[in-house]
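Scroll down for the structure; my scribbles are underneath it.
Since the structure is predicted, the reported quantities are computational estimates derived from the model, not experimental observations. What's counted below: heavy atoms across the whole structure, side chains too, no hydrogens, waters or symmetry copies.
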Amino acid sequence: MKIDLFNEIQNPRPWPEGHEGRKFAETLEQAKLADELGYGCWWQVEHHGAGEFSLSSAPELMLAAIAQHTTRIRLGHSAVLAPARFNHPIRIAERAATLDHLSGGRVELGLTRSTIPEWRLFNIDPEEARDQTRQAFEMVPGIWMSERFSYHSETYQIDDVRIGPKPVQRPHPPLWQAATSPASFEEAGRRGVGVLGTTMWESLERAGRMVALYRAAARACTEPAGAFVNDQIAYFTFVHCADTDEEAMHNGAAAAAAWYTVTALTFFEAASAFVEMTQRHQQLLESAGGGGLAGEFLRGEAGNAPTEAQLLIGRVLQGEHVPDDEIFTVLSAQDSLIVGSPDTCRKKLQAYANLGIDRLMCLQQIGGMPHDKVMKSIRLIGELIPELDRE
């Protein structure tokens, strides 16, 4: 299992003078340290109008800056928002190929359709977002591999145009899809692209079943979006390592995990997103073919009682103030968080490796966690990499 870093440039209040520039500088310091320690990839999100939750609205610029200060760590988009009003597929292909040149061939490109608040901000019809994401997965590798490119749909009319530059990596950089639901995991697998998921609020048992779902879908892929099937699973979760379990908690791990939970659910308007996902699940279950692998997955969960984490998230969505310690305790009980001493983190990392995932994306810069504590955590986890990162 590769050990990666996942970054959102979180920026909780209060905001002193120069706070944004300081966050960008700290991000660059963290990436340089990760490169020195042997982390596999630096993954940068794309969000807009996110306030405290994320300053990462121009990830291609942050990754370009990191490329100039590092030599070996790979540079991942996790993920570019693919509907056209966010990013035209031509621009996605051009920017990623340019970054591939600036980094000496280190790019990993993830795409995603985004979610409700960002669709609203950019005046995007949610009904069009899924189809435009599909088209982006078709167009971007096609642009990279074609001397001259044509594509015709209701959204795009492109006739015999040379689009450059072409990426350094041949036939092209690995493609990924951000996913959260069984249906999107299956979609990524059938598309032949890697999947970028999260276990922040899910048990390792369910994550293991999602791994099996994706692998089955990837095995069934006969026409990948790109030139090859990128059969890889990457998960991100909160990671914080200190000299002792007690020091990790003293550093503010519980508060950081709680802040992330409440802030993320608020920003993504999770209550509305949950309704949309539930409707999608019902459509899968009622479809003529039974909803494929995702439908089978959901039927296997149909009689299950809600987990403690699901109940807790429901309370947060209803506006209840849930104490930080309670949020941390519930999430820790399902082993989804990796917090503690090097020995504790080693055991938790190994549990993820045992699931058969390919990359663990460590979210270490989270909430109000001080920069020096983040740097120490990156260093301590980096010392564990040789034990887990075996070809």
Side-chain angles (χ1 to χ4, degrees), residues 5-31 42-63 65-66 77-81 86 112 114-122 178 180 196 198 200-201 236-240 249 251-274 312-313 315-328 331 336-337 339 361-375 377-378:
L5 272 169
F6 183 88
N7 186 265
E8 307 198 67
I9 317 182
Q10 298 193 329
N11 190 33
R13 294 178 184 273
W15 290 342
E17 183 70 25
H19 63 99
E20 292 172 324
R22 186 175 304 112
K23 287 295 181 183
F24 289 125
E26 290 173 355
T27 299
L28 191 54
E29 285 183 38
Q30 292 161 20
W42 179 278
W43 296 93
Q44 195 71 45
V45 304
E46 178 181 347
H47 287 309
H48 302 281
E52 296 178 78
F53 185 68
S54 175
L55 283 175
S56 190
S57 55
E60 67 279 4
L61 296 181
M62 192 72 243
L63 290 172
I66 291 171
H77 278 282
S78 57
V80 176
L81 308 188
F86 292 126
T112 187
S114 187
T115 190
I116 295 168
E118 291 173 318
W119 293 334
R120 183 173 58 244
L121 182 63
F122 282 78
T180 56
L196 301 164
T198 178
M200 280 285 289
W201 305 297
F236 88 81
T237 193
F238 173 36
V239 177
H240 182 69
M249 294 301 294
N251 288 347
W259 180 91
Y260 185 91
T261 297
V262 173
T263 308
L265 294 175
T266 301
F267 170 63
F268 290 115
E269 298 180 14
S272 298
F274 178 77
L312 179 141
I313 289 170
R315 290 164 59 195
V316 172
L317 292 179
Q318 290 169 7
E320 179 181 341
H321 173 71
V322 183
D324 291 353
D325 287 348
E326 183 178 353
I327 293 177
F328 184 81
L331 296 181
S336 58
L337 308 185
V339 174
M361 304 181 290
C362 302
L363 174 58
Q364 302 211 49
Q365 190 273 320
I366 183 171
M369 189 67 69
H371 174 58
D372 64 319
K373 307 301 182 186
V374 174
M375 292 287 280
S377 178
I378 291 172

Measuring only between side-chain heavy atoms, which start at C-beta, is [X] closer than 4.5 Å to [Y]?
{"X": "Ile9", "Y": "Gln44", "answer": "yes"}
{"X": "His48", "Y": "Leu81", "answer": "yes"}
{"X": "Pro12", "Y": "Glu52", "answer": "yes"}
{"X": "Val374", "Y": "Glu26", "answer": "no"}
{"X": "Met369", "Y": "Gln364", "answer": "no"}
{"X": "Asn7", "Y": "Val45", "answer": "no"}

Closest contact, heavy atoms only, [X] versus [Y]:
{"X": "Thr263", "Y": "Trp259", "answer": "OG1-O, 2.7 Å"}
{"X": "Ala257", "Y": "Leu337", "answer": "CB-CD1, 4.1 Å"}
{"X": "Pro14", "Y": "Pro16", "answer": "O-CD, 3.2 Å"}
{"X": "Ala254", "Y": "Met249", "answer": "CB-CE, 3.7 Å"}
{"X": "Glu269", "Y": "Pro117", "answer": "OE2-CB, 3.7 Å"}
{"X": "Val239", "Y": "Ser377", "answer": "O-OG, 4.1 Å"}

- request: Could you pull out all residues at least two apart from Glu326 that satisfy salt bridge (Lys or Arg N to Asp or Glu O under 4.0 Å)?
  value: Arg315

Nearest 0.5 Å, what's the [atom1]-[atom2] distance between [X] and [Y]?
{"X": "Glu46", "Y": "Ser54", "atom1": "CD", "atom2": "OG", "value": "9.5 Å"}
{"X": "Trp43", "Y": "Cys362", "atom1": "CH2", "atom2": "SG", "value": "13.0 Å"}
{"X": "Leu312", "Y": "Glu320", "atom1": "CG", "atom2": "CD", "value": "8.5 Å"}

Contacts of type side chain to side chain contact (heavy atoms under 4.5 Å, CB included), residue Leu363, not counting sequence neighbours: Phe6, Glu8, Phe236, Tyr260, Ile366

Non-neighbouring partners of Ala58 that pass side chain to side chain contact (heavy atoms under 4.5 Å, CB included), sequence neighbours left out: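 Partners of Ala58 by the side chain to side chain contact (heavy atoms under 4.5 Å, CB included) criterion, ordered by chain and then number, come out as Glu60, Leu61.
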
task: Output yes when a side-chain donor or acceptor of Ser336 lies under 3.5 Å from a complementary backbone atom of Met200, and no otherwise.
output: yes

message: Taking Gly367's backbone N and O only, do any of them form a donor-acceptor pair with Gln10's side chain (distance below 3.5 Å, no angle check)?
response: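 Judged by distance alone, yes, a pair lies under 3.5 Å.
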
query: Can you check side chain to side chain contact (heavy atoms under 4.5 Å, CB included) on Trp201 and Leu331, steps first, answer last?
result: CA-CA 7 Å; Trp201 305 297; Leu331 296 181; 3.7 Å; yes

query: Which of these passes side chain to side chain donor-acceptor pair (under 3.5 Å) with His371: Arg22, Gln30, Lys23, Gln365?
result: Gln30

- prompt: Between Ile327 and Val262, is a side chain to side chain contact (heavy atoms under 4.5 Å, CB included) present by the stated rule, with each step listed?
  reply: CA-CA 10 Å; Ile327 293 177; Val262 173; 4.2 Å; yes

